[in-house]
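Whatever order the structure lists them in is the order used to number ligands and atoms, beginning at 1.
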Amino acid sequence: MTVTVRFAPSPTGHIHIGNLRPALFNWLFAKKQGGKFILRYDDTDVERSKEEYARSIAQDLAWIGIQPDLVEKQSDRFASYDAAAAKLKEAGLLYPCYETPEELERRRSRARALGRPPVYDRAGLKLTDEERSAFEAEGRQPHWRFMLPNHEGNPFETKRTEVTWNDLVRGEQSVDLASLSDPVLIRADGTYLYTLPSIVDDIDMGITHVIRGEDHVANTGVQIAIFEALGATPPVFGHHNLLTTHDGEGLSKRKGSLSIASLREDGLEAMSVACVAVLTGSSHAVEPYDNLDTLANVFDLGSVSRSSAKFDPSEIGGLNARIVHELSYDAVKDRLAGLGVSGGEEFWNVIRGNCAKVQDAVGYWQIINGEIEAQAEAEDLDFLKAARRLFPDGDVTAETWGAWTNAVKAETGRKGRGLFMPLRRALTGLDHGPDMKDFLPFIGRQNSLARLPE
Ligand code: GLU
C-alpha cells in the first residue's frame, strides 16, 4: 500500500510556524517512503473558513517546498459524510439526543459533585418516540452521538474497553472507551463536528498514516472506534509535541509575527523556518540543512520528544544567518537581481558571510555604488589624510589592502585596530563587514579617495 498522508488545516486563519510542523512531518515522512501527500482543507465550518486563508496556506506550503499530490476540500464532500452518518444511524450507532448545553453542564456538575466521572449517561437512548416528538414540537432539534463500543449488548452497562495503538512518536498508547462520553458527531443545527468528516476522508482517500499534534491524542481512541464501526482499518497514528515559546506559551493563529507569511516577508529563508519547525523538540540539534531532502534523510518521527517543543523565535534569525553564509550564487542570483544588486558571483561570495539575510546585500551594494555617511573621528583626521596620500597606484586588487595598510603602518606607526578600524569606517561607514582585502576592489579607487579627507 502506498504511504499516503494528509495535512488537514482549517482555513480559518494564516498558518504559523507551529502549524507548519504537522505539514512538514507529514511531507518528510511521505518523501522518505516515496509516498503521497494530500493537502486537505478542513473547511466544514463554512462561516469561519475563508478562501483567502486556503490560498495563503497553499502559498506558504509552496514557499517551504511542499507540493501536494492532491488538494481536497471537505466542503465538497458533504454527501459522503451524510452517507456515513446514515450508515451509522442504520446500525443504531448514531443516536439523537435533545439535551441543551445548559442541561448537559448541570449534569456534569452533579456528577462531579458526587465524585463520579462526568460521562454522558446515554439518556438520549432511553427516549420514547413520543418524548422525541414532544421535544421536536417544542422546537428542539437533536444532536447526534456515536455509541462507543464499551459494552456487551447493554449500553447502560459499560465495561472497561481499552483501545490501543502504537503511536509513531509516543509508542504504545491506550484509552479506556468506558471513561469517555459518546462523542457528538452532528450538532443540533445539522453541521458536522470535525470527527466524522475527518474519518470518512481518511478512509476514502486511503490515508495510511495520520501525523498530527498531540492535542488530538484524546480523539484517537474514539476515532479508531468509528473507523472500525464504518468497516475500515484505522491508519497508523503519530502525535507530535506542540511548539511553544520558552515561557511555555502556545502559538495561536493570531500570533502574527510567527505566521509563515510574516517570516517570509521578513526575508527569512524557507529552510531556516523549516529546520526550526522540524528539529525543535527533537533529539536532533537545530542545525541548518540546505533542502528538504537532506532534512528528510536525518529526521524521523521517533526522534520527536514527548515533552513540549520550546523555542526562542530569535533562533530563526541565527539559523538564517548560518544558512545565508553558505548560499551559492546560483541559489540567490534571481533574488539579488530583484533587489537591484548586480555585483555578480564574486561580489556575493565576498559579502555573504556578513549577510544575516539575503537582502543585507543591498546595504553592501550601496557602499560600493553610492554615498555613505562619513565616519571619521577628529583624532583620526591626520591619519586618514596620510592614508589617502599612500593609496597605491594601479588597479585595486586583492593585494591592494595589504600593501596599502603596510605603507600606512610604516608611516604612522599605528597598528591593529587603531590602523584598520578608521580605514574601514571611512570607506564603508561600518564598524564591521566583509574582509577589506576582498571588499576594497569593489569599493574601487574613486570611492576610496572620495571618502578620505584631503
Ligand atoms: N483540522 C484538524 C486540525 O487542524 C486536523 C486534525 C487532524 O489532522 O486530524 O487540528
Would you check the N or O atoms of Val210, main chain and side chain alike, for any that come under 3.5 Å of an N or O of ligand 1? no
Polar contacts were defined as any N/O atom of the residue lying under 3.5 Å from an N/O atom of the ligand; does this apply to Arg40 and ligand 1?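 Arg40 vs ligand 1: no N/O contact under 3.5 Å.
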Is there a donor in the side chain of Glu136 and an acceptor in the side chain of Tyr98, or the other way round, less than 3.5 Å apart? yes
State whether a side-chain donor-acceptor pair under 3.5 Å links Thr128 with Glu131. yes
If you look at every heavy atom in Glu214 and Arg306, which pair is closest and at what distance? OE1-O, 4.2 Å
What atoms in ligand 1 come closer than 4.0 Å to a heavy atom of [X]?
{"X": "Arg212", "value": "7 (C), 8 (O), 9 (O)"}
{"X": "Tyr194", "value": "2 (C), 5 (C), 6 (C), 7 (C), 9 (O)"}
{"X": "Ser10", "value": "1 (N)"}
{"X": "Asp42", "value": "1 (N), 2 (C), 5 (C)"}

For Arg145, what residues pass the side-chain hydrogen bond (donor to acceptor under 3.5 Å, both in side chains) criterion, not counting sequence neighbours?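 Residues passing side-chain hydrogen bond (donor to acceptor under 3.5 Å, both in side chains) with Arg145: none at all.
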Ring centers of Tyr289, His284 separated by less than 6.0 Å: no
Could you walk me through whether Tyr329 and Phe347 pass the ring-ring contact (aromatic ring centres under 6.0 Å, His included) check? CA-CA 9 Å; Tyr329 178 63; Phe347 175 68; 9.7 Å; no
May I ask which of His239, Arg6, Gln223, His216 has a heavy atom nearer to atom 8 (O) of ligand 1 than the others do?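 Of the listed residues, Arg6 has the closest heavy atom.
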